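Since the structure comes first, as structure tokens, the remarks are kept for the end.
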Number of protein chains: 2
Amino acid sequence: MDRSLRMTEPSRNRVGTTEKSLTILEHLQQEDGAGVTEVATTLDMSKSTVHSHLTTLVDCGYVTHHDKQYHVSTKLLRLGGRLRDQSPLYQAARIEMKSLAAETDGVVRLYLKEGDDATMIAQEGYHPGIRERHLGERTPLTESIAGPVMLAEHGRSDGEYSDDGEEADDAGNPDDDGTVTHSEIDEAVRDRFDRIHRRGYAVETGATGSDRTFAGALSRRDGTVMGALTVTVPGDAASPLSAGDRLLEAVERVELSLTSWYDSHATFSPKHSWHVHSN
Amino acid sequence: MDRSLRMTEPSRNRVGTTEKSLTILEHLQQEDGAGVTEVATTLDMSKSTVHSHLTTLVDCGYVTHHDKQYHVSTKLLRLGGRLRDQSPLYQAARIEMKSLAAETDGVVRLYLKEGDDATMIAQEGYHPGIRERHLGERTPLTESIAGPVMLAEHGRSDGEYSDDGEEADDAGNPDDDGTVTHSEIDEAVRDRFDRIHRRGYAVETGATGSDRTFAGALSRRDGTVMGALTVTVPGDAASPLSAGDRLLEAVERVELSLTSWYDSHATFSPKHSWHVHSN
DNA sequence: GGGTGTGTTCAACATATCTGAACGCATGCG
DNA sequence: CGCATGCGTTCAGATATGTTGAACACACCC
């Protein structure tokens with residue numbers, strides 16, 4: 001817990017050059033490719049500097065260079081993919097994700113809890129009407145359905161829902177009666193969490209369509225939350241209610257496989273610290 | 001000493017610092033996380049240098065730092081994921097991938113042709129017995145079944161399969177018909193390509209298990225190959241033969257959707273150059 | 001032809017990176 | 001306990017290194 005110094009930057013960056021290269025890389029990403037001068041003007045750098053960084057990124061394989069246009073390459077996908085594929089969470093979940101998607105004909109997503117955010121690291125199934133979610137997309141816990149269910153599950157361990165300074169909930173309450181006043185807010189939140197805990201999952205009806213999303217937290221044996229599993233079924237699904245029950249089965253099986261994995265890899269190497277993801 | 005090897009600069013790297021940072025990043029990736037001294041010793045750098053670069057990477061969000069261990073974060077997956085999700089190839093294929101996987105109960109994979117390599121950018125379905133393939137994995141065209149089918153399909157356009165090896169770039173010569181020069185050495189190869197062309201897809205039986213993989217190339221209207229679609233069904237599948245036919249349907253539909261996308265985006269912006277991927 | 005608009009190169013300078021040693025801070029072991 | 005060893009971290013100086021702006025090559029379009 002480092003106290004935030006009054007320096008604008010939390011910690012004094014050491015290597016400004018790398019920062020510059022990564023800024024250029026992210027700019028290429030956001031703009032879906034760009035040329036040298038475009039990057040130079042928008043990022044306020046000299047053309048030659050941008051050129052140097054871009055050639056370096058090309059040589060390292062992170063950027064492709066064709067027809068005066070620089071694009072990010074698939075190397076980022078490759079590096080990020082290996083990170084995901086090797087994670088025990090993904091390894092434990094993919095079997096259940098497949099069968100869950102097949103049986104409910106919905107879209108199944110796997111989230112990894114990272115601090116106060118949830119990152120979608122895998123997806124199975126597809127339906128044109130359902131809202132897209134990008135691979136690796138990172139959303140605050142307060143904005144996704146996967147969020148509340150994680151916070152609620154987190155509260156299960158210590159008997160109190162997490163209140164680490166972040167406002168756990170205020171927006172997107174599906175069934176909130178508008179007359180909530182100052183003191184009643186906490187109670188409403190607690191009520192919601194209790195309800196989630198009792199039912200084991202959260203439900204959210206899609207804003208636009210009539211699809212429903214069921215979310216369940218994936219927690220370790222000690223109660224800490226590792227991620228969440230989600231299935232959203234379209235409105236014209238055969239049996240939307242059974243999807244929720246089916247989700248709970250999948251969650252339970254994933255947790256089982258996960259804990260058994262940890263038992264077999266009980267060697268206390270500080271590597272593979274798949275437990276403290278909190279960046 | 002050996003001055004014959006004179007600075008065969010691929011292209012003179014400009015920014016060595018960035019190169020160093022990226023090397024550290026890739027080392028973290030390969031080792032599944034590491035500490036400062038481990039990186040410093042294996043990469044032959046001073047501890048303080050490694051520390052500087054790591055803090056920079058942490059500040060930029062590419063690396064997480066917990067318990068004396070540095071790991072790559074999900075930002076790489078996020079950046080690479082957006083690259084994939086925005087590609088018209090993926091957008092055109094995902095619907096067919098889902099239905100193809102559902103109907104054949106196999107593993108469907110989407111490959112993007114990049115020069116002489118094929119990169120797997122999407123996957124749908126899962127079967128425990130089938131050999132894993134990592135997201136973003138890049139394999140030479142000669143090693144995967146997706147490779148020959150791409151080379152064969154490529155030959156369909158100009159009547160000659162490409163064997164230039166290096167310069168795969170520049171699709172600017174549609175009628176670059178050098179006469180069929182070479183001897184019968186390549187006849188066996190040509191025979192294989194012809195067979196692939198006739199059948200429309202390639203089949204490969206898994207080395208270990210009894211699963212079969214069907215591959216079909218995804219090509220543009222001008223005949224150039226953009227990628228490949230692949231379905232592998234386990235040996236105990238209900239009707240393995242129909243999977244091949246079903247694959248061909250999917251390929252055709254994806255190509256249709258792809259060309260219509262290009263027509264609607266016919267504006268000739270040099271961006272979105274999803275045609276010359278040849279890094 | 002000369003006008004833009006690219007991307008690229010180069011030498012000189014000054015900036016920012018690298019270094020090695022010293023510092024906390026744990027853990028382990030005699 | 002106290003020394004020893006391992007880790008990550010900090011700091012000031014020296015040196016390598018990135019940055020800069022101008023000049024180059026090239027393509028395009030009035």
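Quick caveat: nothing in here was measured; it's all calculated off a predicted structure. Per chain, numbering begins at 1; letters A, B, ... match sequence-line order.
Comparing dT19(D), dG7(C), dC18(C) by their closest approach to the side chain of Thr37(A) singles out dG7(C). In the set dT17(C), dT9(D), dT19(C), dT17(C) carries the atom at the smallest distance from any side-chain atom of Val15(A).
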Assess the residue pair Glu137(B) and Glu132(B) against the criterion (side chain to side chain contact (heavy atoms under 4.5 Å, CB included)); give the C-alpha distance rounded to whole Å, side-chain angles, the decisive distance to 0.1 Å, and a yes or no.
CA-CA 10 Å; Glu137(B) 191 178 325; Glu132(B) 284 199 28; over 6 Å; no
*asked:* Assess the residue pair Thr64(A) and His71(A) against the criterion (side chain to side chain donor-acceptor pair (under 3.5 Å)); give the C-alpha distance rounded to whole Å, side-chain angles, the decisive distance to 0.1 Å, and a yes or no.
replied: CA-CA 5 Å; Thr64(A) 62; His71(A) 296 262; 5.7 Å; no
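In this structure, Leu54(A) places its CG atom 12 Å from P of dT19(D), rounding to the nearest Å. Between the CZ atom of Arg14(B) and the P atom of dG7(C) there is a distance of 16 Å, given to the nearest Å. One atom, CG of Asp59(A), and another, C1' of dT8(C), lie 14 Å apart when rounded to the nearest Å. One interatomic measurement links the two molecules: CG of Asp67(A) to P of dA27(D), which rounds to 12 Å at whole-angstrom precision. Atoms NZ (Lys47(B)) and C1' (dT19(C)) sit 12 Å apart, rounded to a whole Å. In this structure, the NE2 atom of His65(A) is 9 Å from the P atom of dG7(C), given to the nearest Å. Per the geometry, CD belonging to Glu19(B) stands 15 Å off C1' belonging to dT17(C), to the nearest Å. Atom NZ of Lys68(A) and atom C1' of dC26(D) are 7 Å apart (whole Å).
Dashed line: the shortest gap from a side-chain N or O of Thr49(B) to OP1 or OP2 of dC18(C) is not under 4.0 Å. Contact annotation: Thr17(A) does not reach the phosphate of dG18(D) (side-chain N/O to OP1 or OP2, under 4.0 Å). Between Tyr70(A) and dT6(C) there is no side-chain N or O to OP1 or OP2 distance below 4.0 Å. For dT19(D), the OP1/OP2 oxygens have a side-chain nitrogen or oxygen of His53(A) closer than 4.0 Å. When the side-chain nitrogen and oxygen atoms of His51(A) are compared with OP1 and OP2 of dG7(C), none of them lie within a distance under 4.0 Å.
Contact of Lys20(A) with dG18(D) (side chain to base): no donor-acceptor pair of N or O atoms is detected under 3.5 Å.
Between Leu112(A) and Leu89(A), some side-chain heavy-atom pair lies under the 4.5 Å cut-off. In this structure the side chain of Thr23(B) never reaches within 4.5 angstrom of the side chain of Met45(B), judged on heavy atoms. Side-chain contact check for Tyr70(A) versus Val36(A): some heavy-atom pair is nearer than 4.5 Å.
Residue-level contact check: Ser48(B) touches the bases, meaning some heavy atom is under 4.0 Å from a base atom.
Proximity of a side-chain donor or acceptor of Lys113(B) to a complementary backbone N or O of Ala217(B) within less than 3.5 Å is not detected. No side-chain donor-acceptor contact under 3.5 Å links Glu255(B) to the backbone of Arg220(B).
Both Gly16(A) and Gly35(B) lie near DNA chain D, and the one whose nearest nucleotide falls closer to the 5' end is Gly35(B).
Partner Leu110(B) forms a side chain to side chain contact (heavy atoms under 4.5 Å, CB included) with one of Thr230(B), Val254(B), Leu218(B) and no other, that one being Leu218(B).
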Parsed dot-bracket for DNA chain D after applying the Watson-Crick and G-U rules with both distances under 3.5 Å and | for other-strand partners is ||||||.|||||||||||||||||||||.|
